[in-house]
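In what follows, a structure is listed as structure tokens, so that the remarks can point back to it.
A note on names: the letters A, B, ... follow the listed sequences, proteins ahead of strands, and every chain is numbered from 1. Quick caveat: nothing in here was measured; it's all calculated off a predicted structure.
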There are 2 protein chains.
Amino acid sequence: MHDISPIRAKSGTNQEGTSAHNRRVMIEALRLNGALSRADLARATQLTKQAVSNIVEDLERDGLVVALDAVRKGRGQPFTPYRLVPEGAFAIGLQIDRHLTRVVVVDLVGKVIARAEAGLPLDEPSAGAKIILSLVDRVRRELASLFAQSERRLVGLGVAMPGPFGLRESDDKWMMPAWQQFPLLETLAAGTGLNVGLQNDAAACATAERIVGAAHGVDHAVCLYVGYGIAAGLILNGELYNGGNGNAGEIGRALLSPAGPGSTPLEHRASLASLYQHLGLDPAERGLYEKLGALALAQDPRVMGWVERAASDLRWSVHLIETIFDPQTVILTSSAPEALARLLLQAMHPLLPSIADRPVRRLPRLQLGTTDPWAIAVGAAAEPISRAFDPRFSAILKAG
Amino acid sequence: MHDISPIRAKSGTNQEGTSAHNRRVMIEALRLNGALSRADLARATQLTKQAVSNIVEDLERDGLVVALDAVRKGRGQPFTPYRLVPEGAFAIGLQIDRHLTRVVVVDLVGKVIARAEAGLPLDEPSAGAKIILSLVDRVRRELASLFAQSERRLVGLGVAMPGPFGLRESDDKWMMPAWQQFPLLETLAAGTGLNVGLQNDAAACATAERIVGAAHGVDHAVCLYVGYGIAAGLILNGELYNGGNGNAGEIGRALLSPAGPGSTPLEHRASLASLYQHLGLDPAERGLYEKLGALALAQDPRVMGWVERAASDLRWSVHLIETIFDPQTVILTSSAPEALARLLLQAMHPLLPSIADRPVRRLPRLQLGTTDPWAIAVGAAAEPISRAFDPRFSAILKAG
DNA sequence: TAATTAAGTCAAGCGAATTGACTTAATAGG
DNA sequence: CCTATTAAGTCAATTCGCTTGACTTAATTA
């Protein structure tokens, strides 16, 4: 009856959706609680013992869970705890940065199995794509040499790169214009035969924090990422939030005051790019990371000057994030050396008053996340894992 | 095995969840598309014709949908469109404001069936609760006089009041401290026998925009509400987002610059409270609404002065909202007279540059929502309707 | 040693979507 | 004008995953 405008509707579901959801719920429960008996799982998920038994049997056959030794505890029959099998699934994560590309393979619980990195030509995406594909190929072969059946257990390729995506061509110097035009995701999908997903750096950080870090099991968390640019990764209702066009959280582009077009974006004052500029360093320089770490440890006055100013802006960013999202916690992550990140964290205190300043809190208002330089690549890899195994609304529906 | 710390897990689902979801999907499809044949529904939801037929038959028996006359169109058997029955469900909405309380009954499609209002004693919540209960009773009896079976079709009571909720006791003059302590929701639940839900003003506005306004069928929208205070109602992934403690979107409390504790909250500069102060008006004054409307129409210079300053701050708020949420559209709503809201909207242009400034847009960056003073009460009532009938993840699970 | 408690299995049942053939009723085309 | 085609919708049988309730197993407690 409507042949012109398509009918808008969510898709329905059926028993397959039910079963898919319940499997995911089991996996999440084991991920969050370590090891559980089938009786525990039944209580926690409100399913019957029988249903849980069947699902666990399935998962065991699929190599995603294993039984541990039976445990005697109090009266009643001893229970058999089950735990996730890390090598039950793998995913590849790819971080594309301005001067470097990193590739990792992670397993079901987010542990890094293999890694590789290489420099990228800034202005030649098709040559860059070849390099990337060869890196992917390398880690993939390494994985295959370590685990039988690894190819069958590879659930996807996650890509993380600096956002925002899909804007009108911009002369913004943070961007890599040549790459913006290049059909990277399609090239990678074709070249690897894997499902490919895309996130920005901060989203990948948040995904990493959720799978292995401070946001593990937290349903409302915001990950403030200070890298070459600045952005926030948003975990809302237990899922990464992407916004209407995949650019949610790009707070680096937020103007710092109501004053108008003349005022400065946050990114120009508090990002590492601004630090490099402040120090007169070349971001492409070799050994930059170690150098920064040393300067931070030594509390170099010029670094401290930047830290003070950046911390003031970041403190206010945390205030805004708390006011707008009401998260359970804010996680500060950075591609900077840990010593520098700690300086920033310290300088951000005391935090500004906000609605997060509640009488009782289970989690700190602000905490330091991982500062491992490989975290973004891990987060990139965690995305396909999450897509494949975490409970989510879209997993129940018949179609995306 | 875990007797100390409770096991964290999402609940599972079963055929009931499947069926509940599919019913909701049908209702949403009819809400968004007007009237659809069973074949249309089957295509749109990806369910089989047979499944749809069964569900529609159920819904028809429950009085939620009706068949229209068969329509001949092209080859094939004529189809029978179905549409929602507005009187298939009702909900009561309650707006508690500082000087006034409004109660409405709305039907399944968000139309107001009955309304009532009264003043409230600011410092005597238990006397206030009695007044509220009598208002609810009045509209409930009016509803019963209009529709048979109305009690059976009443799905809940939604409450909207100024947030934020649950903070440490505060001397903030916008708050109503005596009310913060009072167990209002419990009193209302006990007094009405209905399910009771709570939202802040802005969330209610967003809910109203979603059911009958500019956010109808839009999955990512932010509703910027300028009332006595200022807040944002967040529609993310098609659902209202509440945050970790139900206070998401309370941007009125956002400080306007990184400068520190001395800087001003948005609410002190751009809310109607600030306008009243600017004009030396008493917010409790009778006829204030009309007076403001007249001043706005006359473009009174003192009003225009406030409009300019407020618009500058609100323009920046829109910039922040766009940068942080990447919504499809931002909707400006207000409890002010429409003329004043239009002045504000106008003065907010041109908008600041942001990631929302994309080459192709389906929806405007900023649009005016409803300025009906009853909108918040309608949004309050829409919440139980949405909870009962909209597709959502939590509706599939076995428990909340 | 018997009663109690709890984990887990067995087998039948149920319910909602699926499947595929069938009916109905219209238009398009020769 | 008649037949082929197209599409809506029904019928009846099937499938599949969860539920139910009884039962088994194996520990602790009294």
Please list all pairs meeting ring-ring contact (aromatic ring centres under 6.0 Å, His included) that have one or both residues in residues 24-61 of chain B, counting only residues at least two apart or in different chains. none
Where along residues 50-62 of chain B does a heavy atom fall under 4.0 Å from DNA chain D? B:Q50, B:S53
ring-ring contact (aromatic ring centres under 6.0 Å, His included): pairs with one or both residues in residues 22-58 of chain A, sequence neighbours excluded: none
On the nucleotide C:dG8, are OP1 or OP2 found under 4.0 Å from the side-chain N or O atoms that A:T80 carries? yes
Strictly below 4.0 Å: does B:N22 bring a side-chain N or O up to OP1 or OP2 of C:dA16? no
By side chain to side chain contact (heavy atoms under 4.5 Å, CB included), A:A44 pairs with (sequence neighbours left out) B:I7, B:A9
Whole angstrom value for the distance that separates P of D:dC18 from CD1 of B:I396: 14 Å
With sequence neighbours excluded, tell me which residues meet side chain to side chain contact (heavy atoms under 4.5 Å, CB included) with A:Q149. A:R152, A:R153
Tell me which of A:P78 and B:Y82 sits closer to the 5' end of DNA chain D, going by the nucleotide each one is nearest to. B:Y82
Would you say CZ of B:R361 has more than 12 non-hydrogen atoms from neighbouring residues, nucleotides or ligands within 6.0 angstrom? yes
If you look only at pairs with a residue in residues 30-76 of chain A, which of them pass as a ring-ring contact (aromatic ring centres under 6.0 Å, His included), with sequence neighbours excluded? none
Quick one: A:L41 CG to C:dA7 C1', roughly how many Å, whole number? 13 Å
Between protein and nucleotides 2-4 of chain C, what N or O pairs are separated by less than 3.5 Å?
{"unit_1": "C:dT4", "atom_1": "O3'", "unit_2": "A:R75", "atom_2": "NH1", "d": "3.3"}

Test your reading of the model: is there a side-chain donor-acceptor pair from B:N33 to the backbone of A:R8, 3.5 Å cut-off? yes
Inspect the surroundings of CD in B:E16 and state if more than 12 heavy atoms from other residues, nucleotides or ligands are less than 6.0 Å away. no
Please determine if a side-chain N or O atom of A:R23 lies less than 4.0 Å away from the OP1 or OP2 oxygen of D:dG17. no
Worked verdict on A:R210 versus A:D390 for salt bridge (charged side-chain N to carboxylate O under 4.0 Å, His left out): CA-CA 11 Å; A:R210 187 159 163 75; A:D390 285 349; 5.0 Å; no
Polar atoms only, N or O, under 3.5 Å: list the protein pairs with nucleotides 23-25 of chain D and their distances.
{"unit_1": "D:dT25", "atom_1": "O2", "unit_2": "A:Q77", "atom_2": "NE2", "d": "2.3"}

How many Å lie between CD on B:Q46 and P on C:dA16, as a whole number? 21 Å
Spacing of A:L68 atom CG relative to C:dG8 atom P, expressed in whole Å: 12 Å
State plainly whether the residues B:E383 and B:R387 are in salt-bridge range, i.e. N to O under 4.0 Å. yes
The side chain to side chain contact (heavy atoms under 4.5 Å, CB included) partners of A:L154 (sequence neighbours excluded) come to A:F90, A:I92, A:R140, A:L143, A:E151, A:L194
In whole angstrom, what separates A:F79's CZ from C:dA6's C1'? 11 Å
Mind jotting down which residue pairs meet the ring-ring contact (aromatic ring centres under 6.0 Å, His included) criterion with at least one end in residues 44-63 of chain A? Sequence neighbours excluded, please. none
Which of residues 14-21 of chain B sit near DNA chain D, with a heavy atom under 4.0 Å from it? B:N14, B:Q15
For B:S19 and B:N22, which I'm curious about, is there any donor-acceptor pair between the side chains at under 3.5 Å? no
Picking from D:dT10, C:dT27, C:dG8, the nucleotide nearest the side-chain atoms of B:R38 would be D:dT10
Please enumerate all residues that pass side chain to side chain contact (heavy atoms under 4.5 Å, CB included) together with A:E57, with sequence neighbours excluded. A:N54
